[in-house]
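Values reported hereafter were calculated over all heavy atoms of this structure, with side chains retained and with hydrogens, waters and symmetry mates removed. Please read these numbers as outputs of a predicted model, since none were measured by experiment.
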Amino acid sequence: MILVDDLKPAMGCYGDRFAKTPHLDALTSRGMRFDAAYCNQAVCAPSRFTLMLGSHSTSTGLYGLGSQLRQIIPDAVTLPQHFAKHGYHTESLGKIFHIGHGNHGDPASFSVPHFKEKVIEYNEPESTDGGKLTREEAFFTNQQLDRIRSLPRGAAYESPDVRDDAYADGRVADETIRRLKSAKQRLERDGTPFFIAAGFARPHLPFSAPKKYWDLFDANELPLPQHESLPNDAPGVAGKRGGEITNYKPVPEDANAPFSEELKRNLIHGYYASTAYVDAQIGKVLRGLDETGLADNTIIVLWGDHGFHLGDLGIWTKHTNYEQATRIPIVIVAPGVTPPKSSTKQLAESVDIYPTLAELAGLPRPTGPQSIDGVSLVPVLENPEARVRDHAFHAYPKRTLGRAIRTDRYRLVQWKSPQADEASAEYELYDYQTDPVETQNLAGSRPAVMSRLKAILAKYPEAVSRNPKQSNKSAKTPPIANRSIDIDVTVKGANPSGVVLAQGGNQLGYALHLIDGHPVFDVRIDGKVTRLRSTIRVSGRTRLQASLDEQKMTLAIRGGTPIEIASPGLLPSQPIDGLSVGFDDRSAAGDYTAPNEFNGTIVKQRVSVGEPVPTEIASFSSRPGRWTAKRANRWYDQIEWPIGANYVPSSAINQLEMWQADTFDPETIDRELGWAADIGMNTMRVFLHDIPWKTDSQEFFNRVDRYLEIADKHGIRTMFVFFDGVWHPYPKAGPQPEPTPGVHNSGWVQSPGRDILQDPSKQDALKPYVQSVLTRYKNDHRVLVWDLFNEPDNPNFNAYGGGGAKIELDQPEKTKFALRLVEKSFAWAREVDPSQPLTVGVWRGDYLTHPTEYQRACLENSDVISFHSYEPETKTRQLIEGLAQFGRPMLCTEYMARGNQSTFEDILPLLQMHDVAAYNWGFVNGRSQTIYPWDSWKKAYTEQPDPWFHDIFDTDGTPYRVEETKLIQELSTASKKSSAGK
């Protein structure tokens with residue numbers, strides 16, 4: 001098998017008059033060319049899964065670059081495994097399974113270790129800023145995945161005067177020839193048949209190819225894209241701008257920036273040069289096969305994993321359901337079966353190759369356990385006019401899932417989330433007979449065609465959700481706070497390594513994992529790991545048992561006598577990260593780098609917990625100057641139930657862009673606060689920043705006044721936040737950076753910056769800022785509450801802390817300095833004595849039973865109790881019940897992260913029932929990009945996530961989910977009636 005990355009039918013044998021592909025053309029003349037072949041999903045990893053499994057991604061849930069095959073379908077039988085089960089020696093070279101983005105291939109598929117080579121490769125130092133690790137290199141080598149955005153971009157193309165084997169594809173070709181010679185020797189020695197999969201990286205970006213292949217073309221003669229606009233009347237979810245290509249220089253990082261003609265020509269030149277280069281390498285392999293004398297009895301398959309946009313529709317690379325992204329070359333040479341120099345218009349899919357090869361080789365038809373969605377193409381190989389299917393199926397996931405039917409004339413695409421009602425679906429229809437370049441969506445004007453194609457699509461089962469990992473399918477997250485834990489697992493593997501089970505993260509949790517065959521049990525409390533490691537190295541089928549109680553940690557192998565050490569204690573609270581099986585889903589619960597996927601098979605697993613050990617709520621006192629509980633409750637009784645959001649206008653990437661003179665945007669604020677009022681919101685939590693005040697305090701106040709006028713017009717009162725410990729620690733005045741595509745809050749900044757926070761004398765210089773703002777608005781009814789410091793001790797592990805760029809303070813140091821500023825801020829505010837209450841929220845850790853010094857300062861100084869909860873309903877209820885002991889008004893100042901099971905439908909009614917003020921995070925999808933989840937700092941998001949992580953409205957005012965805005969309005973209205981009756 002010959003697999004080629006990003007190869008569309010830009011080949012001479014497919015009629016491309018610009019292509020220089022003599023060796024691929026010669027290969028095609030040996031067998032049959034499929035002129036209407038389509039991939040099943042136009043992105044590398046999922047497309048290769050469809051080939052190797054014979055299963056649509058909609059059947060498996062393997063939709064992403066980081067999708068883990070063996071976590072989702074542990075016992076899957078892949079195409080090479082099927083051949084190995086029937087006596088074949090199977091081996092792989094180059095890019096076969098996708099390796100990178102947290103994926104490590106599938107060693108179980110092959111008889112011998114994979115011959116790994118580079119996908120992203122450069123020879124010229126200037127392409128990598130002098131040899132630095134670039135973003136895409138890091139992705140494809142699984143390095144520094146937690147700090148991708150801090151790495152430099154590599155060049156989109158280079159053309160050094162070097163030998164072919166200076167790049168990976170040349171080395172893969174040479175090694176494949178050696179493997180063919182060895183295969184012949186085995187065949188002659190003991191009759192062992194062979195299955196060799198050779199994967200070539202080009203023409204995947206970067207377009208790195210030796211100069212001689214660039215010299216085959218005149219860039220000025222290559223065709224530029226003819227139509228660079230998205231199809232008329234197409235749903236917004238279907239299009240694409242930016243994405244993968246923005247990780248390469250000199251491509252603009254702004255997804256909507258135009259490309260110069262020179263850049264377009266260079267990129268198109270690079271694609272054709274890279275295709276010519278890979279053609280030459282495949283030619284070497286074919287010569288090597290001929291020289292062994294095996295060609296007359298060897299089946300050859302050429303397959304491109306998906307197509308490639310070269311500026312058509314204004315799109316570059318892949319990741320769509322359009323023709324240029326989904327149409328692929330498939331060529332099959334089957335001596336004695338396939339007529340040479342033949343072609344067919346039979347529609348074919350990647351999933352068809354598995355059953356086709358099995359039948360050609362005389363093997364039993366594959367049966368899974370995965371769904372086998374392909375059909376054998378052997379009847380077509382015997383007769384090009386035969387037909388085994390009348391359409392091809394493919395899909396692509398974005399904010400919703402696009403499932404598509406491609407017939408010989410039409411393509412129908414349905415955009416709808418799995419399990420969602422048909423009423424929510426959006427459709428595309430294209431007629432390639434009259435509109436081959438997809439300029440017009442015809443879904444609204446061809447009802448008869450729509451009806452016929454919808455009927456075909458309806459025959460397919462509902463798509464499974466994305467990445468139905470074992471942790472979500474069969475491993476329910478257990479409650480572990482103050483409970484003993486018992487783990488019992490059985491694993492298989494020759495040299496097992498990686499995480500078997502993990503629950504929790506980098507502050508609190510546990511993990512059972514293996515290091516080079518040695519079982520290890522890690523327990524993490526307050527960031528510190530206690531480790532129990534066995535000296536025994538295991539292999540094969542192995543039972544492991546681990547336990548944690550108040551006295552000891554234990555670890556046993558195959559039922560033997562356990563080893564043990566003293567316990568660090570029970571886990572004092574329920575960690576945010578749930579139970580993961582076969583990998584660590586988010587931050588590392590153990591002492592390793594997440595996700596640390598397990599490389600073997602998990603046969604079974606069980607986690608059981610004891611009854612909770614009773615714990616007492618800690619006692620708290622009141623600090624000097626704090627309002628009495630009676631005064632706080634009297635204040636709260638006089639206002640309506642606060643319901644609102646954390647607000648930054650969609651036109652601002654951060655607090656600075658909101659408040660600085662050049663970017664202050666009252667028009668957007670007015671429009672968006674109008675939307676808030678329309679759904680019943682009556683308050684907003686808004687972040688100030690010390691830098692605009694320092695730049696020009698009077699103009700700063702003028703802008704705050706203008707904001708308050710707008711908010712008051714809409715009946716919205718404001719909770720202002722002075723300081724923030726979250727995200728970038730070095731804020732700077734002036735123009736702010738453009739958003740990093742696909743990254744949550746990529747431009748948000750801390751206030752004050754690290755240089756001030758870590759210097760007590762510089763902290764003191766903030767006193768005039770705090771006191772002047774408080775003095776100006778201390779009796780202003782438009783200001784509801786003063787939040788002095790948001791998440792002061794946030795370590796920013798997702799982005800800048802921990803193993804990241806290390807521009808953030810180490811956590812103990814940050815907590816120490818943040819505590820000082822918290823205490824100072826309360827003291828400065830008490831001197832002004834505003835009429836509104838003061839608060840600093842608690843946001844993580846077991847602050848009710850084991851409060852830290854910092855948490856005590858927050859709770860004992862605050863007039864009203866504020867807290868954050870991105871937890872599901874049960875945990876949020878527990879927090880509310882615990883915080884109720886203070887007998888003070890409670891304000892939930894951050895909640896609602898859909899991907900974290902913190903949703904409006906579960907949390908908002910709970911907050912209303914307990915009369916807790918409700919401020920969700922995120923309002924309008926904009927430059928802050930909080931529709932993306934926190935883990936977007938660590939893994940690539942090239943499309944909008946489904947679901948959105950935060951935010952209620954799209955930029956045009958369309959609700960993300962109408963049922964959410966209706967719920968907000970209903971609860972707000974009900975609370976007003978209740979307050980009126982009271």
Side-chain angles (χ1 to χ4, degrees), residues 2-11 19 21 24 39 41-49 51 65-66 92-101 103 105 116-123 127-128 134-142 153-159 164 166-173 197-210 213-214 240 243-249 251 266-282 302-311 315-320 324-329 350 940 942:
I2 300 170
L3 283 59
V4 187
D5 210 350
D6 286 18
L7 179 66
K8 65 178 181 176
M11 301 155 54
T21 54
L24 292 171
C39 70
Q41 188 181 325
V43 64
C44 299
S47 182
R48 289 161 189 269
F49 286 138
L51 173 76
L65 289 168
S92 60
L93 307 91
K95 188 172 180 181
I96 304 302
F97 286 94
H98 182 84
I99 296 177
H101 300 83
N103 245 309
K116 183 180 178 182
E117 262 296 354
K118 296 178 179 179
V119 175
I120 311 300
E121 187 173 17
Y122 297 101
N123 272 265
S127 295
T128 58
T134 67
R135 294 179 187 179
E136 290 290 323
E137 285 178 297
F139 272 135
F140 279 87
T141 54
N142 292 313
R153 300 192 299 161
Y157 39 79
E158 66 171 23
S159 55
D164 285 4
Y167 291 112
D169 288 345
R171 300 189 292 272
V172 168
F200 295 90
R202 300 283 84 75
H204 190 289
L205 281 163
F207 300 138
S208 301
Y213 298 102
W214 287 76
K240 178 191 174 185
E244 172 191 4
I245 200 164
T246 61
N247 276 338
Y248 295 93
K249 59 183 182 182
V251 175
N266 286 337
L267 291 169
I268 294 168
H269 189 181
Y271 186 88
Y272 277 94
S274 296
T275 303
Y277 166 61
V278 81
D279 171 83
Q281 310 320 304
I282 293 171
L302 171 73
W303 174 79
D305 62 351
H306 43 68
F308 201 89
H309 290 283
L310 286 172
I315 302 171
W316 295 86
T317 73
K318 50 270 189 184
H319 312 125
T320 76
Q324 291 300 313
T326 55
R327 185 171 173 233
I328 59 173
S350 296
T942 57

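Atoms OG1 and CG, from Thr942 and Leu65 in turn, are 7.0 Å apart once rounded to the nearest 0.5 Å. The CG atom of Leu3 sits 5.5 Å away from atom CG of Leu51, with the distance rounded to the nearest 0.5 Å. Summarising the geometry, atom CG belonging to Asn247 is positioned 8.5 Å from atom OG1 belonging to Thr134; distances are rounded to the nearest 0.5 Å.
Ser208 approaches Tyr122 most closely through the heavy-atom pair OG-CD2, 4.0 Å. Between Ala42 and Thr320 the shortest heavy-atom distance is CB-O, 3.6 Å. Nearest heavy atom pair, residue Ile282 against residue Phe200, reads CG1-CE1, 3.9 Å. In terms of heavy-atom proximity, Cys39 sits nearest to Ser350 at CA-OG, 3.5 Å. Across all non-hydrogen atoms, the minimal contact from Trp303 to Ser47 is CZ2-OG, 3.5 Å. Considering all non-hydrogen atoms of both residues, Ala209 and Ala273 come closest at CB-O, 4.2 Å.
Only one option out of Arg202, Glu158, Gln281 pairs with Tyr167 in a side chain to side chain donor-acceptor pair (under 3.5 Å); it is Glu158.
Not counting sequence neighbours, the partners of Arg135 by the salt bridge (Lys or Arg N to Asp or Glu O under 4.0 Å) test are Glu253. Take Lys318 and apply the salt bridge (Lys or Arg N to Asp or Glu O under 4.0 Å) test, not counting sequence neighbours, and it matches Asp6, Glu244. Residues satisfying the salt bridge (Lys or Arg N to Asp or Glu O under 4.0 Å) criterion with Asp5, sequence neighbours excluded, are Arg48, Lys95.
Side-chain polar atoms of His306 and Thr326 form no donor-acceptor pair below 3.5 angstrom. No side-chain donor from either of Tyr277 and Asp169 sits under 3.5 Å from a side-chain acceptor of the other. Side-chain contact check for Asn266 and Tyr271: no donor-acceptor pair (N or O, by modelled atom type) lies under 3.5 Å.
Judged by distance alone, the side chain of Glu121 and the main-chain N or O of Ala168 form a donor-acceptor pair under 3.5 Å. Counting only distance, with no hydrogens or angles, the side chain of Arg327 and the backbone of Pro9 share no donor-acceptor pair below 3.5 Å. In this structure, the side chain of Thr246 engages the main chain of Gly243 through a donor-acceptor pair within 3.5 Å.
Considering only heavy atoms from C-beta on, Ile99 comes within 4.5 Å of Lys116 through its side chain. With contacts defined as side-chain heavy-atom distances shorter than 4.5 Å, the pair Leu310/Leu267 does not qualify. Taking the side chain as every heavy atom from C-beta outward, Met11 and Pro329 approach each other to under 4.5 Å. Counting only heavy atoms from C-beta outward, the side chains of Thr317 and Lys240 approach each other to under 4.5 Å. The shortest distance between side-chain heavy atoms of Phe49 and Phe97 falls below 4.5 Å. Pro206 is listed as a side-chain neighbour of Tyr248, based on a closest heavy-atom distance under 4.5 Å. For the pair Phe308/Gln324, no side-chain contact is recorded, criterion being any heavy-atom separation below 4.5 Å from C-beta on. Counting only heavy atoms from C-beta outward, the side chains of Asp305 and Ile328 never approach each other to under 4.5 Å.
Separation of the His98 and Phe140 ring centroids falls under the 6.0 Å cut-off.
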